[in-house]
Number of protein chains: 2
Amino acid sequence: MQNQVSNKELAALRAIRDFLMKNGRTPSVRELMKELDYKSPRSAAVILQSLIDKNILNKKEDGSIQLIQYEFNEDETTSEQTVKIPLLGAIACGLPILAEENIEAMIAVSTRLAKSPDKYFLLQAKGNSMNQKDINDGDLVLVKQQNSAETGDIIVALIDDEATIKELRVNNNNVVLLPQSSDKSHTPIILSHDFITQGIVVSTIPKIDN
Amino acid sequence: MQNQVSNKELAALRAIRDFLMKNGRTPSVRELMKELDYKSPRSAAVILQSLIDKNILNKKEDGSIQLIQYEFNEDETTSEQTVKIPLLGAIACGLPILAEENIEAMIAVSTRLAKSPDKYFLLQAKGNSMNQKDINDGDLVLVKQQNSAETGDIIVALIDDEATIKELRVNNNNVVLLPQSSDKSHTPIILSHDFITQGIVVSTIPKIDN
DNA sequence: GATTTTGCATACACAAATATACACCAAGAA
DNA sequence: TTCTTGGTGTATATTTGTGTATGCAAAATC
């Protein structure tokens, strides 16, 4: 339905995605220039502009760019059904978690992982507090949005304006969020019963290294 | 309607909050500089000023900064705020109960459980002398620090340099600390009237095993 | 075949935003 | 005093997005 993207634009999109995975944010014009081995920032800027014109990228108020759509699986041959899931970056204080300001990119995820009537989002895990549950620094975590959860679920909660991934333990009067780390410096978080679960982790996508 | 905060400002707010939770006070300009990996205090000061201009920070008369964002975050249902509460280990003889030597760890507790002007601490219950009140060996007990209590309160008292959790019964002339245990070997403790209450139990967190 | 156009990369420049170095002064502590 | 800590002013440096001009090869046009 959309404009065709050229090879160069596709290469730029890949570079942006890789940069996003590695650094947790989208690159600046000059950073993208280096990723694409250009010698002048103009080259990268021109490609960025054409992608913005094609509505594939968006430019936020502060100048940073945002991936509106990106196909995660490269090969078109296996025409698997996908849905676009927002990848959330830093959570802005006071805003709902899915506010547009928080969205770094839209990423296509197989409908086998994200089932249609439910709402999902993706987060990039920070730190190693969940490494015993195989969630490591930089991994993408697929989260199903729901505000109830049970003991033992790996949940996402907004604690002090930060998206936190922890194991939930519910008792009579209160709730404990447990880190699952071999690093013993992580302490549990103790909450009242009526705190707000943002969603539960349904899948993880290990970090891509190059 | 609300001024947009840039990525850098957001990072600064996070650093301020982290510092606040770790040290119990807001950072100075130079401390914030270190947290944000800047090389000149000016860089941090500029960001602070822009946050003050946007009414997200406030500067108190003594020069220290204040996060006013938290206030209008309280009634927003999206995020849960916490305070760091000290977990006390073995109580060292002769020292005030909250002396640094006694603190094992700082644990994040919801502000719904630990309300802001009051002081709190956490203790790990030993033995089973209170198991009828659902305080069992190894449970964490959230205690509000105060030196007065009423009959029926579950209190923490320092008896023989040991933190003791008991139910308080006040009579005319004396004070009785009652154990609440199905194990009948625990006997009440009878004290003169002017013993010192350290605090009253406001919540219990059952023991977590991994 | 010669010339022009087109697409793209490069070089350079410039303004605005950011970061740094350095300095000064005030307040407290030793 | 002297030393340290902390806030802030000034000048300079760096980063970043973007504008303009140039070079160059392939395609299009004459």
Side-chain angles (χ1 to χ4, degrees), chain A residues 2-20 22-68 89-90 92 101 104-105, chain B residues 2-68 100:
Chain A
Q2 259 301 333
N3 257 324
Q4 199 76 10
V5 295
S6 72
N7 285 343
K8 290 169 202 307
E9 287 165 350
L10 197 60
L13 286 175
R14 287 215 185 89
I16 292 170
R17 181 208 57 189
D18 291 346
F19 192 97
L20 192 59
K22 200 150 64 174
N23 304 353
R25 62 181 175 83
T26 48
S28 70
V29 172
R30 282 172 151 87
E31 285 166 335
L32 183 61
M33 171 193 88
K34 280 178 194 157
E35 294 292 324
L36 296 173
D37 251 343
Y38 284 129
K39 307 263 167 68
S40 164
R42 208 76 253 276
S43 311
V46 166
I47 294 177
L48 280 183
Q49 190 55 54
S50 76
L51 285 168
I52 290 167
D53 293 343
K54 288 180 181 172
N55 254 310
I56 293 167
L57 293 182
N58 183 25
K59 193 175 229 169
K60 288 201 266 187
E61 277 190 33
D62 62 357
S64 66
I65 58 175
Q66 194 179 30
L67 258 172
I68 297 175
E101 285 87 344
E104 289 268 337
Chain B
Q2 178 67 24
N3 251 327
Q4 194 76 17
V5 296
S6 73
N7 286 343
K8 290 171 201 306
E9 288 163 350
L10 202 60
L13 285 174
R14 288 233 167 73
I16 292 170
R17 197 208 47 224
D18 290 349
F19 192 98
L20 189 59
M21 302 224 299
K22 200 151 67 175
N23 304 8
R25 61 180 177 82
T26 49
S28 70
V29 172
R30 279 165 212 266
E31 285 167 335
L32 183 62
M33 170 193 88
K34 279 178 195 159
E35 295 292 325
L36 296 173
D37 248 344
Y38 285 130
K39 308 254 168 76
S40 165
R42 209 77 253 275
S43 310
V46 166
I47 294 179
L48 280 183
Q49 190 55 54
S50 77
L51 285 168
I52 290 167
D53 293 343
K54 288 180 181 174
N55 256 308
I56 292 166
L57 292 182
N58 184 23
K59 192 175 229 170
K60 287 201 274 185
E61 283 194 16
D62 62 356
S64 68
I65 57 176
Q66 195 178 25
L67 264 170
I68 46 189
E100 210 177 303

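Letters go in sequence order (proteins before strands), and every chain restarts at 1.
- Every residue two or more places apart in sequence or in another chain that forms a side chain to side chain contact (heavy atoms under 4.5 Å, CB included) with A:Ser50 is listed here: A:Glu9.
- Listed by chain and number, the residues in a side-chain hydrogen bond (donor to acceptor under 3.5 Å, both in side chains) with A:Ser43 amount to none (sequence neighbours excluded).
- With rounding to whole Å, B:Lys8 atom NZ is found 8 Å from D:dT16 atom P.
- With sequence neighbours excluded, the residues that form a side-chain hydrogen bond (donor to acceptor under 3.5 Å, both in side chains) with A:Arg25 are A:Glu31.
- Place B:Ser40 and A:Ser43 on DNA chain C by their nearest nucleotides, and A:Ser43 ends up nearer the 5' end.
- When the salt bridge (Lys or Arg N to Asp or Glu O under 4.0 Å) test is applied to B:Arg42, no partner is found at least two apart in sequence or on another chain.
- Contact footprint of chain A on DNA chain C: nucleotides with an atom under 4.0 Å from a non-hydrogen protein atom, first to last in 5' to 3' order, C:dA9 to C:dA11.
- Taking the nucleotide of DNA chain C with the nearest heavy atom to each of B:Tyr38 and A:Ile47, the more 5' of the two is matched to A:Ile47.
- Smallest separation of non-hydrogen atoms from B:Ala11 and B:Leu36: O-CD2, 3.8 Å.
- Among the candidates B:Thr26, B:Ile47, B:Leu48, the single residue satisfying the side-chain contact (heavy atoms from CB on, under 4.5 Å) test with B:Leu32 is B:Leu48.
- D:dT16 atom P lies 7 Å from atom NZ of A:Lys34, rounded to whole Å.
- Across every non-hydrogen atom of B:Ser40 and B:Met33, the tightest pair is C-SD, 3.3 Å.
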Contact letters for nucleotides 3-8 of chain D, in which S counts primed atoms plus P, OP1 and OP2 and B counts the base, heavy atoms under 4.0 Å: ---BBB
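- Among residues two or more places apart in sequence or in another chain, the salt bridge (Lys or Arg N to Asp or Glu O under 4.0 Å) test is passed with B:Glu35 by none.
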